[in-house]
Asks: 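Right, I'll just put the structure down here and ask away after.
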Amino acid sequence: MNASRRKVFWFVFSLMLCMAFLFPIYWMVTASMKTDGEIFSSQSSLFPKSVNLDNYIAIFQTQKSVGRSFVNSIINAVFTMMLCLILAIPAAYSVARFRFQAKKAVLLLFLVAQMLPPTLTLTPLFIMFSSLKLTNTIFSVVLACAASSIPFSVMIMRPYFLAIPKELEEAAIIDGCSRFGTFWRIILPVSKSGIITVAVFAFVAGWNNLAYPMTFIQNSNAWPATAGLYAFNNEYGLQWNMVMTYAMILLFPLLLMFIFLQKYMVPGQTDGAMKG
Amino acid sequence: MRKKISDREPFMAWAFLLPALIFLAAFCIYPVAYNIVMGFQDMNMMNLRTKSYSFVGFKQYVDLFKDPTGVFPNSVLNTFKYTIFSIIFQFILGFAFALLFAKQFRGARMMRALLMLVWLLPATVTGLLGKFMFADNGIINGCLRSLGIIQNNVGWLVERTSALNCAILVNIWKGIPYNMMLLTPGLLNIPGDIYESAAMDGADSWQKFVYMTMPMMKPTMMTVVVLGFINTFKVFDLIYVLTGGGPVQSSEVLASVAYRYSFTSGDFSRGAASANILFVILLLVSMYYLKFVKTDTEVM
C-alpha cells in the first residue's frame, strides 16, 4: 500500500469506528424524536419516522417541573462557577506568585482536597445544612459543589499564572500600580484562557452533580435537572422517548459550550494541573 | 534604577489565599473532620436531634465487616473490580484510539473532537442511556436476538451476575475518549525524526512502539492511570442511576453503600465509616502518586 492509499484506509476505518462508538448518542437523539408507538414497538427502528421536536414541546407543556428544574440547574451552575472564580483564582495567584512559609502545606491541601470523594462530606454537609436551614434550597448544592470544585480549579489555574513573566508585573508596579491593581488590570486579562477553563470546569461540575441535590433537597420544586431527570425516570421509566428528551434538555447547555468553547473543554488543557 | 518586586510579601500572599481557605475550612475540611469523628460514634437520624449519641470506638468498622448480609465487604470487592477493569480497558483502548487518531489522515482531528461527546455526557445521562439500551426490550437484546446469539431477552441489569459488568462496560465506553485525550498531547510531542531513523535501522512498527513510544510516554501513562484510578474508585452517580446498586445489592460500590447507610437507613455513623474507608484507600493511592510525581518532576 502506498502512503495515500494507507491514509484512505485509515480514514474509512476510523469513520466506521466513530460511527459505532457514537451510536449510543445517536440512539438517544433519535429516541427523543420517536412517538410512544415507535418506542414501545418490539421492533425498534434505526431511524425515527420523522425528525421533529414534538416531544420537546410536549415535555415542557405537560411537565412543569422540567422547565423549573432547568432554571434551578442554571442557578446552581452559574453560582458554583462564580464562587469558584472569585475564590480559586486569587488563591491560585497566591500559590503561583508568592513564597511564604506554609506554601507547601497549602499546595498539599489543594492536591489532597481535589481527590476527595463527594460521598465523604455528604453526611456532615447534610447535617450542617439542616441546622443552617439551607436544605431544600439550591444554595446548599451551590456551596457543596463549589467546595468540591475549588481545589481542582486552583490547580488548573496555577500553571497559567506561573507562565506569566514577572517583568510584566514589575513594569506595572513601577508605573505605580498596587498589587491588587496589577492583579486586576494586568494579570487577569492575560490569563483569560485559564479563567475560561476554570469557569467551564466549575459550570459543568455544578451542572452535572446529582448526589448533592438528591441528598439536600426533598422538595422537588428546588431540584436541578439532574435530580429531576432521575426522579422522572423513576416515575415514567418505560416512556424512554420522554426520558431521552429530558436527557437531551439536560445535555443542551453542555453541547452549546462544547461547540463554542471547544478548546477549553478538552482535558489535555488541564494536564499541568495534575502535576501541581 | 530598576525596582525589583519581592515575591516575599506574606501579607499579600495570604490576602489572596485566605478567602478560598476560609471557604474550604467551612465546607470541606470541617466536614471531612466531622465525618472521621462520626465514624467513631453511633449517630443516626433519631439521636441526632436529641444529641444522645456517644463514642463507640471502632464498633462501626467492625460491624461493617461482621454484617451477616456481607453487603459491605462485597461493595469493597465490587469497587476494586469496577475500578481495575474500567482502568485496564479504558486505558488500552484509549491508547489505541490516541495512536489511531495521531495518524495524520483527513478528518482525524474532527473525529477526535466528536468522540469527546461521549465524555461530555453527565453521568446521570450516561446511566440512563445505559439503562435504555440494556432494557428488556432495548436495542442490545434486540441486536443479540436478531444475530441469533441469544434466544430470549436477557435482564442485563436485573441479574446478579451481569449488573456490575454492565456498569463496567458503560464506564469503559465513557472513559475511552477521556484517556485518548489525555494521551494524545504526549504522543504528538514525540519528535517524528526518531521514528524515521529507527525505520532506517530496520525497526518494524511493533518494535518502534515498544522501544520508543512506550518509554517516552511512561510519565504521562502513569499520571493517566493513577488519576483514572482515583476518579473511578469514587464512582457514585453512574452506579446509582444505572443499577441502583442492585439487584439485591450485587452491584453496590463503596460510595453508594455509604449513601445508602446514611440516607436510606438513616444510620449516619455507619455511612460515615464506609465513606472513611473509601477516603483512606484514595489517600494511600494519592500519596503514592504524589511521591511518584515528586521524583519524576519538580512538584512544588
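On a predicted model such as this, the values are computed, not experimentally measured, just so you know. Below, chain A is the first sequence line, B the second, and so on; all start at residue 1.
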Asks: Please classify the contact between B:Ile29 and chain A as side chain, backbone, both or neither, with a heavy-atom cut-off of under 4.5 Å.
Replies: side chain
Asks: What part of B:Ala123 is in contact with chain A, defined as an atom under 4.5 angstrom from a non-hydrogen atom: side chain, backbone, both or neither?
Replies: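 It is neither, since no heavy atom gets under 4.5 Å.
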Asks: Given a strict heavy-atom distance threshold of 4.5 Å, which part of B:Leu100 is in contact with chain A: side chain, backbone, both, or neither?
Replies: side chain
Asks: Under 4.5 Å from any heavy atom of chain B, what part of A:Arg97 do you find: side chain, backbone, both or neither?
Replies: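 Answer is backbone: N, CA, C or O of A:Arg97 sit under 4.5 Å from chain B.
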Asks: Should the pair A:Phe9 and A:Phe13 be assigned to parallel (<30°), tilted (30 to 60°) or perpendicular (>60°) ring geometry?
Replies: parallel
Asks: Verify the ring-centre separation between A:Phe129 and A:Phe139: is it less than 6.0 angstrom?
Replies: no
Asks: Quick one: does B:Asn141's side chain have a donor or acceptor within less than 3.5 Å of a partner on B:Asp136's backbone?
Replies: yes
Asks: For the side chain of A:Ser73 and the backbone of A:Ala225, is there at least one donor-acceptor N/O pair under 3.5 Å apart?
Replies: yes
Asks: Can you tell me which portion of B:Leu21 sits under 4.5 Å from chain A's heavy atoms? Options are side chain, backbone, both or neither.
Replies: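 The side chain, not the backbone.
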Asks: Does any pair with a residue in residues 14-24 of chain A pass side chain to side chain donor-acceptor pair (under 3.5 Å), and if so which ones, sequence neighbours excluded?
Replies: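 Every pair satisfying side chain to side chain donor-acceptor pair (under 3.5 Å) with a residue in residues 14-24 of chain A: there are none.
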Asks: If I compare all heavy atoms of A:Met244 with all of A:Ala31, which pair ends up nearest, and what's the gap?
Replies: CG-CB, 3.9 Å
Asks: Sort out for me which of B:Val285, B:Leu282, B:Asp237 touches chain A most, counting heavy-atom pairs under 4.5 Å.
Replies: B:Leu282
Asks: Who wins among B:Val125, B:Val32, B:Leu129, B:Leu18 for the most heavy-atom pairs under 4.5 Å with chain A?
Replies: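 So the answer, after comparing B:Val125, B:Val32, B:Leu129, B:Leu18, is B:Leu129.
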Asks: If you count heavy-atom pairs within less than 4.5 Å of chain A, which of B:Cys28, B:Ala113, B:Ala108 leads?
Replies: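 Counting heavy-atom pairs under 4.5 Å, the top option is B:Ala113.
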Asks: B:Asn231, B:Ile176, B:Thr184: which one forms the most heavy-atom pairs within less than 4.5 Å of chain A?
Replies: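 Looking at each of B:Asn231, B:Ile176, B:Thr184 in turn, B:Ile176 comes out on top.
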Asks: Examine the side chains of B:Asn276 and B:Asn35 and answer whether a donor and an acceptor come within less than 3.5 Å of each other.
Replies: yes
Asks: Can you tell me which portion of B:Leu121 sits under 4.5 Å from chain A's heavy atoms? Options are side chain, backbone, both or neither.
Replies: both
Asks: What about B:Phe268 and B:Tyr53, are their ring centers closer than 6.0 Å?
Replies: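 When the ring centroids of B:Phe268 and B:Tyr53 are compared, they turn out to be at least 6.0 Å apart.
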Asks: Counting heavy-atom pairs under 4.5 Å with chain B, which one of A:Trp207, A:Phe110, A:Phe183, A:Tyr246 comes out on top?
Replies: A:Phe183
Asks: Judged by atom type as modelled, is there a donor-acceptor pair below 3.5 Å linking the side chain of B:Lys174 to the main-chain atoms of B:Thr126?
Replies: no
Asks: Could you check which of A:Val106, A:Val243, A:Val8 has the highest count of heavy-atom pairs closer than 4.5 Å to chain B?
Replies: A:Val106
Asks: So, for A:Phe21 and B:Phe97, is the gap between ring centers shorter than 6.0 Å?
Replies: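 That pair passes the under 6.0 Å test.
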Asks: Please identify, among A:Leu255, A:Thr215, A:Val154, the residue contributing the most non-hydrogen atom pairs under 4.5 Å to chain B.
Replies: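 Going by pairs under 4.5 Å, I would pick A:Thr215.
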Asks: Can you tell me how far apart NZ (A:Lys103) and CG (B:Leu17) are? Round to the nearest 0.5 Å.
Replies: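 That separation rounds to 10.5 Å.
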Asks: When only pairs under 4.5 Å are counted, which of B:Ala20, B:Ala275, B:Ser274, B:Ala13 shares the most heavy-atom pairs with chain A?
Replies: B:Ala13
Asks: On the ring face of B:Tyr261, is B:Arg270 found with NZ or CZ under 6.0 Å from the centre and within 45° of the axis?
Replies: yes
Asks: When the aromatic ring centroids of A:Trp240 and B:Phe132 are compared, is their separation below 6.0 Å?
Replies: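 Yes, the ring centres sit under 6.0 Å apart.
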Asks: Which atoms of B:Met111 come close to chain A, meaning under 4.5 Å heavy atom to heavy atom: side chain ones, backbone ones, both, or neither?
Replies: both
Asks: Any cation-pi pair here, A:Lys34 with A:Trp27, using under 6.0 Å and within 45°?
Replies: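 Checked: cation-pi criterion met.
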Asks: Pick one of side chain, backbone, both or neither for B:Leu24, based on which atoms fall under 4.5 Å of a heavy atom in chain A.
Replies: side chain
Asks: Scan side-chain atoms only and decide if B:Thr83 and B:Thr232 contain a donor-acceptor pair under the 3.5 Å cut-off.
Replies: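 No.
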Asks: Under a 4.5 Å heavy-atom cut-off, does chain B meet the side chain of A:Phe11, its backbone, both or neither?
Replies: both
Asks: Counting heavy-atom pairs closer than 4.5 Å to chain B, which one of A:Asn209, A:Asn233, A:Leu238 comes out on top?
Replies: A:Asn233
Asks: Which region of A:Leu83, side chain (C-beta onward) or backbone (N, CA, C, O), has a non-hydrogen atom less than 4.5 Å from a non-hydrogen atom of chain B, or is it both or neither?
Replies: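 Only the side chain of A:Leu83 comes within 4.5 Å of chain B.
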Asks: Which bit of B:Ala26 comes within less than 4.5 Å of chain A, counting heavy atoms only: side chain, backbone, both or neither?
Replies: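 Contact with chain A involves the backbone of B:Ala26 alone.
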Asks: Please state whether the side chain, the backbone, both or neither of A:Ile150 comes within less than 4.5 Å of a heavy atom of chain B.
Replies: side chain
Asks: Give, as side chain, backbone, both or neither, the part of A:Met214 having an atom under 4.5 angstrom from any heavy atom of chain B.
Replies: both
Asks: Without swapping roles, check the side chain of B:Gln41 against the backbone of B:Ser269 for a donor-acceptor pair under 3.5 Å.
Replies: no
Asks: What residue, out of A:Thr226, A:Val95, A:Leu17, has the most heavy-atom pairs lying under 4.5 Å from chain B?
Replies: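 The option with the most such pairs is A:Leu17.
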Asks: Which atoms of B:Leu48 are under 4.5 Å from chain A, going by heavy atoms: the side chain, the backbone, both sets, or neither?
Replies: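 Looking at B:Leu48, just its side chain touches chain A.
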Asks: Can you tell which part of B:Phe263 gets under 4.5 Å to a heavy atom of chain A, answering side chain, backbone, both or neither?
Replies: side chain
Asks: For each of A:Leu210, A:Thr121, A:Leu120, tally heavy-atom pairs with chain B at distances under 4.5 Å, and name the one with the top tally.
Replies: A:Leu120
Asks: Find the distance between CD1 (A:Ile187) and CG (A:Leu168) and round it off to the nearest 0.5 Å.
Replies: 6.0 Å
Asks: With respect to chain A, which residue among B:Phe236, B:Tyr259, B:Tyr30 yields the maximal number of heavy-atom pairs within a distance under 4.5 Å?
Replies: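 Between B:Phe236, B:Tyr259, B:Tyr30, the count favours B:Tyr259.
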Asks: Which answer fits A:Met128, side chain, backbone, both or neither, if we ask what part of it has an atom under 4.5 Å from a heavy atom of chain B?
Replies: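 Just its side chain gets close to chain B.
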Asks: Against chain B, label A:Ala227 side chain, backbone, both or neither, depending on which of its atoms sit under 4.5 Å from a heavy atom there.
Replies: neither
